[in-house]
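Before any comments, here is the structure.
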Amino acid sequence: NYYSFIITDSLLRGDESKQIFVQDNFARTDTTHYTLRFVHAILNDSVGGVKNVDVYSTRRAANIFSNIAPGTVTAFKTLP
């Protein structure tokens, strides 16, 4: 198995929300595709509170990920 350890701030602060440890579940793709996931790691936004976000692709003219909540790691998505 493969895993990702994502650090969003200093580990010395001792706040576990600054660390994200997830298992990487993805299928191997050919050279015409890639796998992508999104990590919403902004847990404390001082400008109007933390909000769910969308990730928009200009190439596809659509959202790749939609309504992602803070502290969320999406599953891998295969894209051309």
Side-chain angles (χ1 to χ4, degrees):
N1 292 330
Y2 294 95
Y3 297 86
S4 290
F5 182 52
I6 302 158
I7 303 169
T8 62
D9 203 343
S10 172
L11 286 175
L12 300 177
R13 293 183 67 184
D15 185 353
E16 288 191 22
S17 67
K18 309 291 184 190
Q19 310 164 40
I20 302 169
F21 187 69
V22 293
Q23 184 175 353
D24 297 336
N25 295 315
F26 57 90
R28 292 182 184 228
T29 63
D30 56 30
T31 57
T32 63
H33 292 81
Y34 61 95
T35 54
L36 180 71
R37 75 169 164 210
F38 180 74
V39 179
H40 186 344
I42 300 173
L43 300 175
N44 187 12
D45 183 2
S46 61
V47 183
V50 182
K51 299 176 180 145
N52 290 7
V53 297
D54 298 329
V55 178
Y56 182 81
S57 167
T58 302
R59 180 178 178 200
R60 297 181 72 178
N63 287 337
I64 299 173
F65 300 104
S66 297
N67 201 31
I68 307 303
T72 301
V73 178
T74 68
F76 280 95
K77 182 179 251 189
T78 301
L79 300 166

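Numbers here simply count residues along the sequence, with the first being 1.
Members clustered with F38: Y34, L36, V53, V55, I64, F65, I68, L79, by chain and number, using a 4.5 Å side-chain heavy-atom cutoff among hydrophobic residues.
Remark: F21 engages Y3 in a ring pair (Phe, Tyr, Trp, His ring centres under 6.0 Å) (not counting sequence neighbours). Shown here are the side-chain contact (heavy atoms from CB on, under 4.5 Å) partners of A69, two or more places apart in sequence or in another chain: N52, T72. In terms of the side chain to side chain donor-acceptor pair (under 3.5 Å) criterion, T31 has no residue partners (sequence neighbours excluded). Checked against salt bridge (charged side-chain N to carboxylate O under 4.0 Å, His left out), D24 has the following partners two or more places apart in sequence or in another chain: R37.
Atom NZ of residue K77 and atom NE2 of residue H33 lie 13.0 Å apart, to the nearest 0.5 angstrom. Annotation: the span from I7 atom CD1 to I20 atom CD1 amounts to 10.5 Å, rounded to 0.5 Å.
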Evaluate T78 against F76 for side chain to side chain contact (heavy atoms under 4.5 Å, CB included), listing each step before the verdict.
CA-CA 7 Å; T78 301; F76 280 95; over 6 Å; no
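The minimum heavy-atom distance linking K51 with H40 is given by the pair O-NE2, 2.9 Å.
Side-chain atoms of D54 come within 3.5 Å of backbone N or O of N67 as a donor-acceptor pair.
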